[in-house]
There are 2 protein chains.
Amino acid sequence: MDHIRKPNPTIDDVALKANVSTATVSRFLNDPKRVREATGLRVKRAVEELGYAPHFGGRALAMNSTDTIGAVVPTIENAIFARGIQAMQERLAQDNVTLLIASSNYDTKQEWQQIQALVARGIDGLLLIGKDRDPSVYAFLKNRGLPYVLAWVWNDDRDHTYVGFPNDASSQELTKRVLEKGHTNIGMIAGVLADNDRARARVSGVRTALANADLSLAPDQLIESVYDMRSGANAFKSLMAQSPRPTAIICGNDVLAAGAQMGARELGLIVPDDVSVVGFDDIDLASGISPPLTTVHVPHRRMGNSAAELLLDMRAGRQVSSQRIDTTIVMRGSLAPPAM
Amino acid sequence: MDHIRKPNPTIDDVALKANVSTATVSRFLNDPKRVREATGLRVKRAVEELGYAPHFGGRALAMNSTDTIGAVVPTIENAIFARGIQAMQERLAQDNVTLLIASSNYDTKQEWQQIQALVARGIDGLLLIGKDRDPSVYAFLKNRGLPYVLAWVWNDDRDHTYVGFPNDASSQELTKRVLEKGHTNIGMIAGVLADNDRARARVSGVRTALANADLSLAPDQLIESVYDMRSGANAFKSLMAQSPRPTAIICGNDVLAAGAQMGARELGLIVPDDVSVVGFDDIDLASGISPPLTTVHVPHRRMGNSAAELLLDMRAGRQVSSQRIDTTIVMRGSLAPPAM
DNA sequence: TTGCTAAATGTAAGCGCTTACATTACGCGC
DNA sequence: GCGCGTAATGTAAGCGCTTACATTTAGCAA
C-alpha cells in the first residue's frame, strides 16, 4: 500500500499526448462543443489514459471563481439541517457547483473561523443559519462583495437576503393549537438560547400566544436544553416535577420532543393522555415515534433548494430578494385535550 | 443589498501598502517568526486595512497542496454517518485541514463523479465508505498516488487501508444473541444490497449464525428496504404477513428497526412481547424509542477520529496500517424470548 | 570605526489553467 | 481547383501565490 505521490498529469501532458494545444484541451474539457468531434475524441482518450483531472488551483486562479458555495451550519449530527442541506447540494450540483459544509457546534467563535476558512478557499457564496452574529461578520462579507444568504430564518428587513420562515410566528401558531385544545398550564423545553435567534424566536412565539390568552410562561416553566434526546428527557422530568404539573409541553424542536416522550415513558406517563407534547421541524423522527408528534412542518427541501437558487443568482450578479417559506402545523397523536 | 464583487486585494496590494516585498508578506502570513516584529506589524496592519485573505487557488498552485481532505458518504440525511464524519472533521481541524463532504445517494455512478470532483479540487486524501466499487476507481486513486481510506468496513487484506469493523462478524454476534433467546423463526429487513457491501455483509453474518444453529433465512424472510422509517415499517408488515410469523426481526440498521417498531404499532403488535426487533449502529434514535433497541454499538466517533489520523499520517508520507474498530452488542428492551 | 556573520528582506521564476487574439483548416459555391 | 467565410486550433500572457537564491541590513567583536 504505497502512496508515492507522483506528479499529477497536467494539461500539457494531455495536450502533448493528444497532439493538440493546451487551449484545445481546456476548451474540450469546459465545453466539448467548441472542439471538432475527432479532436475531442483524441483528447478524451488522452485524459483517460493519463487519469488526468484538472488542477483546481490553476483553474481557480485563471477564472477567479471556484464553482463552490460554502455553508456553515450549527451541527451536522442533527437531522434538522441535513435534509435542507442535502437538497441545496443537489440543486447546486445541477449547475456544477460544489457545496462545502462546515459546522460551528452552535458556537459563534467557531462559526467565524469556519467562515474565514471558507472564504479563504475562494467560495463564490455563503449560506449561514440564522441572523444573530457580530456586525463585523456582515461587514467583512459585504466588504469582500461575497454573496451570502441567511437561512432557517425570515425577516422583512432589507439588510440581508433571507430564505426561511418567521420562527416566532410559526411557534405562535403552534401554541395557539395547543391552547385551542384547552391547555392552560404549559411548559416549554427550548434549545440553548444564547447566540441562537431561532431558538429565542420560538420561545417568544410561545410567549406571544400565551399572552394573547392571558397566560404566561413562568421562569420555571421554561427549560433550556441542548439538542439531544437524553437532555430533552431530563428537561421534561424537571418540568413534570412541578406542581401543578403542566398538561402540555412545547418543545423547541422534534429531537427535544422525542426526548420528552422518552422522559414521559420513564415516568410512566402516557402521551397524550397524561401530558401532550409538541415539537418543531417535522423531521423523519416526528412521524416515526409513538405517538407521532404534532409539530410545525418545515419544508426543508424547498428551503434548501431556494437557498441554492438565491446563491446561484447572486453569483451570476442577478438581483434577488428574500424568500419566505411557509410552514404548516401538522396535527398528530401527541396532542390532545388535557385530562380533567 | 448590492453585491458588486470588488476585485479582492492581492498579496501585491498588501506588500505595497506595508512597503515590503510579497515574499515578506507571504512569510509573515505562513510563519510570523520568519519576519522581524516591526515588519510583521506593518504587514498585519495592511492586511487588516485591506481585508485581505490569501487567494486559495494561487496558494494551492504554488504549494501543490490544499490542506483539504475529502469524504464521499452514501448520504448525509441519515444519522449513520453524521457522527463519525463530525468526529473526523474535528480531528482534521486540529491540524488545520478542512474536510470536504460529498454524498453519493448510494449510487456508484454518483460516487465516481463526486470522487472526481473532489480530486479535481486537489484534495490531499480521501475517505470512502465500504469497499465495493469498480477496480478502476482504485486504479485511478493509486495511479495518482492519492491517499485514501475505506471506512465503516474492515478486512484483513492488504489491498487497502481500512478503518472499521467486520460487518459480518458483528452481525453474526448479534444474531447469536437473538438465537440465544430462543427464536427459531427469524426475519430480516436489510438495506438495499446492490453496491453495498456493508449491507450484504450484515445479511451474511445473519446467515452464518443461523446456519450454525441449523437454521436458515428463506427468500421470503429477507426483505430489502431503503433506509427510512416508513419503508422499514412496510417491510415489517410484509414479513408479518407470512405464516408462521417470525418471532424476531433483525434489521440492517437502526433506522429500519425503528421503522419496524412503527410497523408493529400499526399492526397492534407489542415489541418485544409479540415480536422482537433488533437493529445495528446504535445511533441516538436506538435508545430514544420505546422499547429501546437491542443493537450493535458502533463507536462512530472513534472511527471518524481514526480515519482522520490515518489520512493525516498518509498525507505526511508515514506508513500506516488498517485500524480495526470493535463493536459491542447492547442489550435493550426490544429483544426478548419468543412468546410460547 | 571596520569587518564579519547571520538574520531579514527582496527578486523573480514557475505552479496549471483560461482566454484574447492570431493563425490555420475546412467546406462550400463557383 | 480556387477563393472565401467561418469554424477549429494554436500562441502566449497572466491569474496570485510560494520559495530558491541573491542581496541588503543589523548586530557585534575587535
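Residue numbers begin at 1 in each chain, while the letters A, B, ... track the order of the sequences. All values below come from the heavy atoms of this structure, side chains included, with hydrogens, waters and symmetry mates left out. Computed from a prediction, not measured in an experiment: that's the story for all the values here.
- Remark: C1' of D:dA8 and CG of A:Asn19 are 15 Å apart, rounded to the nearest angstrom.
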Restricting to nitrogen or oxygen on both sides, can you table the protein-nucleotides 22-25 of chain D pairs closer than 3.5 Å?
none

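- No side-chain donor from either of B:Glu90 and B:Gln94 sits under 3.5 Å from a side-chain acceptor of the other.
- Within the 4.5 Å cutoff, side-chain heavy atoms of A:Val47 are placed close to those of A:Leu29.
- Each of B:Leu99, B:Val149, B:Val320, B:Val163 was checked for a side-chain contact (heavy atoms from CB on, under 4.5 Å) with B:Leu311, and the lone residue meeting it is B:Val149.
- Looking at which nucleotide of DNA chain C each of B:Met63 and B:Arg34 is closest to, the 5′-most match is held by B:Arg34.
- Classified by interplanar angle (parallel below 30°, tilted 30° to 60°, perpendicular above 60°), the ring pair A:Tyr106/A:Tyr227 is perpendicular.
- Among all heavy-atom pairs drawn from B:Ser322 and B:Trp154, the shortest one is CB-NE1, 4.1 Å.
- The shortest distance between side-chain heavy atoms of A:Leu126 and A:Leu146 falls below 4.5 Å.
- One interatomic measurement links the two molecules: CG of A:Leu61 to P of D:dA13, which rounds to 17 Å at whole-angstrom precision.
- Here D:dG16 presents its C1' atom at 13 Å from CZ of A:Arg144, a figure rounded to the nearest Å.
- Remark: B:Thr22, B:Ala23, B:Thr24, B:Arg27 in residues 22-31 of chain B come within less than 4.0 Å of DNA chain C through at least one heavy atom.
- In terms of the side-chain hydrogen bond (donor to acceptor under 3.5 Å, both in side chains) criterion, residue partners of A:Gln110 (sequence neighbours excluded) are, by chain and number, A:Asn105.
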- Message: B:Asp157 vs B:Lys131, test: salt bridge (charged side-chain N to carboxylate O under 4.0 Å, His left out). Steps then yes/no.
- Response: CA-CA 11 Å; B:Asp157 69 42; B:Lys131 177 185 182 174; 2.8 Å; yes
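- For residues 32-42 of chain A, the side chain to side chain donor-acceptor pair (under 3.5 Å) pairs, not counting sequence neighbours, are A:Asp31-A:Lys33.
- A heavy atom lying under 4.0 Å from DNA chain C marks the following residues of residues 38-60 of chain A, by number: A:Tyr52, A:Pro54, A:His55, A:Gly58, A:Arg59.
- Per the geometry, CG belonging to B:Asn64 stands 10 Å off C1' belonging to C:dG16, to the nearest Å.
- Expressed to the nearest 0.5 Å, how far CG of A:Asp124 lies from CG of A:Leu312 amounts to 9.5 Å.
- Here CG of B:Asp195 is found 9.5 Å from CZ of B:Arg133. Values are rounded to the nearest 0.5 Å.
- Taking atom CD1 on B:Ile11 and atom C1' on C:dA12, their separation rounds to 14 Å, with Å as the unit.
- In this structure, A:Phe140 and A:Trp112 have perpendicular ring planes: the angle between them is above 60°, well past the 30° mark.
- The aromatic rings of A:His160 and A:Tyr138 sit tilted relative to each other, their planes meeting at an angle between 30° and 60°.
- An end-to-end axis angle of 30° holds for the helix from C:dT1-D:dA30 to C:dC30-D:dG1, taken from five base pairs per end and rounded to 10°.
- Rounded to an integer number of Å, the gap from CG of B:Leu16 to P of D:dG16 is 14 Å.
- Distances shown here put every side-chain N or O of B:Thr10 at or beyond 4.0 Å from the OP1 or OP2 atom of D:dG16.
- The distance from atom CG of B:Asn8 to atom P of D:dC15 is 14 Å, rounded to the nearest whole Å.
- To the nearest angstrom, P of C:dT9 lies 15 Å from NZ of B:Lys33.
- A 4.5 Å side-chain heavy-atom check between B:Lys142 and B:Tyr148 finds at least one atom pair inside the cut-off.
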